[in-house]
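Beneath this line is the structure, given in C-alpha cells, with notes to follow.
Throughout, a chain's letter reflects where its sequence line sits, starting with A, and its residues are numbered from 1. Computed over heavy atoms, backbone and side chain alike; hydrogens, waters and symmetry mates excluded.
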There are 2 protein chains.
Amino acid sequence: MTPEIHQLDETDKRILLAMDPDPRIPVMMLAQILGLARGTVQARLEKLAASGALRPNSIRVSPAALGRGVSAAVSAEVDQSLLNEAIAALREIPEVLDCVAPAGDTDLLIRVAAKDPDDLYRVSEVIRLCPGIKRTSTSMFLREVIPYRTTGLLEE
Amino acid sequence: MTPEIHQLDETDKRILLAMDPDPRIPVMMLAQILGLARGTVQARLEKLAASGALRPNSIRVSPAALGRGVSAAVSAEVDQSLLNEAIAALREIPEVLDCVAPAGDTDLLIRVAAKDPDDLYRVSEVIRLCPGIKRTSTSMFLREVIPYRTTGLLEE
DNA sequence: ACAAGACTAGTCAAAATGCCCAACCGAACC
DNA sequence: GGTTCGGTTGGGCATTTTGACTAGTCTTGT
C-alpha cells in the first residue's frame with residue numbers, strides 16, 4: 001500500500017532543517033554546523049535527492065511573487081465517467097496549484113491562484129468549462145493564516 | 001495594500017525553472033544553460049534570496065517521507081473572539097500543514113498530515129480541543145490528483 | 001564472532017565561489 | 001544632444017568547495 005517511500009531518519013531531518021533558510025549552503029558548512037563529517041553529509045544529500053522525498057524546487061516560489069496575490073479553493077462536482085479528462089484539463093491550467101480528491105460530497109478540491117478577484121472569476125470559469133465538471137463552488141481565501149510548512153514534522 | 005512583493009521578471013523565472021530539479025546546481029552551470037553571464041545569475045540569486053519571493057526549503061519535504069501518508073482537510077468553525085488564540089494553538093500542532101481563512105461558511109480551513117486514519121482521528125481531536133474551536137468537519141484526501149506546483153505560472 | 005553498513009578524518013586535483021574590475025547597453029531624464 | 005543610472009558582460013584573481021577517493025572506526029543484525 002505504501003509506495004515504498006524512503007523514510008527520513010533523524011540525521012536527514014537535521015540536515016533538512018539546517019538547509020531550510022538556504023538550500024545552496026555549502027556541504028562543508030552544513031557538516032560543521034551539524035557536527036558531522038563532510039562525506040556523511042554529502043552521501044546523505046545524494047540519497048535525499050535520489051529518494052524522491054523532496055518536491056521540485058519551484059514549489060518554493062510564492063504565487064504572490066508571480067503576481068497571483070489572490071488564492072482560492074474551488075470545489076467541483078465531476079461526472080465520474082469523465083474524471084480523467086477533467087483532471088487532464090485541470091492540469092493544463094497554470095493557475096491550478098494543486099488538486100485533491102476528498103472523501104465526501106465534493107469530488108475535487110482545487111486550489112487556485114489569481115491576479116485579483118476579477119481574474120479569479122475568470123479562472124473559475126475556465127475550470128467550470130473543463131470536460132466533466134458539472135458544478136463548482138469557489139471560495140476566496142481572505143487570509144493565509146498559517147503558510148504551508150513542514151518544520152513541525154521535521155523537528156519532532 | 002499589496003505588501004510590496006518583489007515581482008519576478010522573465011529572467012528570474014527562467015533561473016527558477018532551471019533550478020527546479022535541483023536548487024544546488026552550480027551558478028556557472030546555470031549561467032551557461034541560460035546563456036547569461038555568471039555575474040548576472042549570481043546577482044539575481046542574491047536578490048531572489050533576499051526578496052522573500054521564495055518560501056523555506058523545508059516545504060519541499062514530502063509529508064509522506066516523514067511517515068505522514070494520510071492527509072486531510074479540516075474545516076473549523078471558530079468563536080470569533082478567540083480567533084487569535086485558536087490560530088496560535090493550531091500553529092503549535094506539527095501535523096497542521098497550513099491554514100487559511102476562506103470567505104464563506106467555514107472560518108478556518110486546515111490542512112493536516114497524519115500517519116494513518118487512526119492518527120488522523122487523533123489529530124482532528126487535538127484540533128477540536130484548541131481554544132475557540134467550536135466545531136470541525138474532517139474529510140480525508142483519497143488521492144492527490146495534482147501535486148502542488150507553480151511551474152505553470154513560471155512558464156507563462 | 002562476523003559481516004554489512006554508516007560514519008569519520010584525511011588526501012588530492014578540479015571546479016566553483018566571492019569579489020573585484022572596466023566596459024557596454026538601453027532607458028529615462030535634463 | 002548629452003548624461004546619468006541600473007543591469008549586464010567578460011574577464012581576472014585568491015580562496016573555498018567539490019567530487020572522488022582512502023583507511024580506520026563504530027554500530028547493528030545475524
Side-chain angles (χ1 to χ4, degrees), chain A residues 2-58 60-62 64-68 150 153-156, chain B residues 2-58 60-62 64-67 115 150 153-156:
Chain A
T2 323
E4 273 309 322
I5 295 196
H6 182 254
Q7 294 291 334
L8 307 182
D9 66 9
E10 220 45 56
T11 306
D12 289 322
K13 295 194 222 163
R14 289 211 305 140
I15 293 177
L16 288 169
L17 274 177
M19 289 205 310
D20 194 23
D22 175 19
R24 298 182 57 86
I25 179 177
V27 179
M28 305 202 77
M29 226 165 275
L30 268 182
Q32 74 182 73
I33 289 174
L34 300 174
L36 297 171
R38 181 172 73 100
T40 306
V41 179
Q42 205 145 16
R44 293 288 188 142
L45 282 182
E46 278 163 22
K47 275 192 190 169
L48 274 175
S51 71
L54 295 181
R55 297 167 182 255
N57 189 62
S58 58
R60 292 179 54 213
V61 180
S62 156
L66 264 14
R68 315 305 162 113
T150 56
L153 296 176
L154 278 176
E155 282 161 359
E156 61 129 31
Chain B
T2 322
E4 274 309 322
I5 295 196
H6 184 254
Q7 294 291 336
L8 306 182
D9 66 8
E10 219 46 56
T11 306
D12 290 322
K13 295 194 222 163
R14 290 210 306 140
I15 292 177
L16 287 169
L17 274 176
M19 290 206 309
D20 195 23
D22 174 20
R24 297 182 59 84
I25 179 177
V27 178
M28 304 202 77
M29 228 165 274
L30 269 182
Q32 76 181 72
I33 288 174
L34 300 174
L36 298 171
R38 181 171 73 102
T40 306
V41 179
Q42 207 145 13
R44 294 289 188 141
L45 282 183
E46 278 162 22
K47 275 192 191 169
L48 274 175
S51 70
L54 295 182
R55 298 168 182 254
N57 188 61
S58 58
R60 293 179 54 213
V61 180
S62 156
L66 264 13
K115 295 179 187 172
T150 56
L153 295 176
L154 279 176
E155 282 162 358
E156 62 131 28

Rounded to whole Å, please give me the gap between [atom1] in [X] and [atom2] in [N].
{"X": "L45(B)", "N": "dT8(D)", "atom1": "CG", "atom2": "P", "value": "12 Å"}
{"X": "E10(A)", "N": "dC7(C)", "atom1": "CD", "atom2": "P", "value": "13 Å"}
{"X": "I25(A)", "N": "dG18(C)", "atom1": "CD1", "atom2": "C1'", "value": "16 Å"}
{"X": "R14(B)", "N": "dT8(D)", "atom1": "CZ", "atom2": "P", "value": "11 Å"}
{"X": "M28(A)", "N": "dA15(C)", "atom1": "CE", "atom2": "P", "value": "18 Å"}
{"X": "E46(A)", "N": "dG19(D)", "atom1": "CD", "atom2": "C1'", "value": "8 Å"}
{"X": "L30(B)", "N": "dG18(C)", "atom1": "CG", "atom2": "C1'", "value": "16 Å"}

Compare side-chain N and O positions of [X] against OP1 and OP2 of [N] and report whether any pair is under 4.0 Å apart.
{"X": "R38(B)", "N": "dG18(C)", "result": "no"}
{"X": "Q42(B)", "N": "dG18(C)", "result": "yes"}
{"X": "R44(B)", "N": "dG7(D)", "result": "no"}
{"X": "T40(A)", "N": "dT8(C)", "result": "yes"}

Legend entry - Nearest-nucleotide comparison on DNA chain C, the residue closer to the 5′ end among M29(B) and K47(A):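 First, find each residue's nearest nucleotide; the 5'-ward one identifies K47(A).
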Legend entry - Nearest-nucleotide 5' precedence on DNA chain C, R24(A) against A37(A):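 Counting from the 5' end, the first nearest nucleotide belongs to A37(A).
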Legend entry - Where K13(B) and L153(B) come nearest, the two heavy atoms and their spacing: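 Looking at all heavy atoms of both residues, the closest pair is CD-O, 4.2 Å.
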Legend entry - Minimum heavy-atom distance R60(B)-P23(B), with the two atoms named: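 Looking at all heavy atoms of both residues, the closest pair is NH1-CG, 3.2 Å.
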Inset, instruction - Say whether, by atom type as modelled, one donor and one acceptor occur between the side chain of R14(B) and the main chain of L34(B) under 3.5 angstrom. - result: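 Such a contact is found between R14(B) side chain and L34(B) backbone.
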Inset, instruction - Give a yes or no answer on whether the side chain of R24(A) reaches the backbone of I25(B) with a donor-acceptor pair at less than 3.5 Å. - result: yes
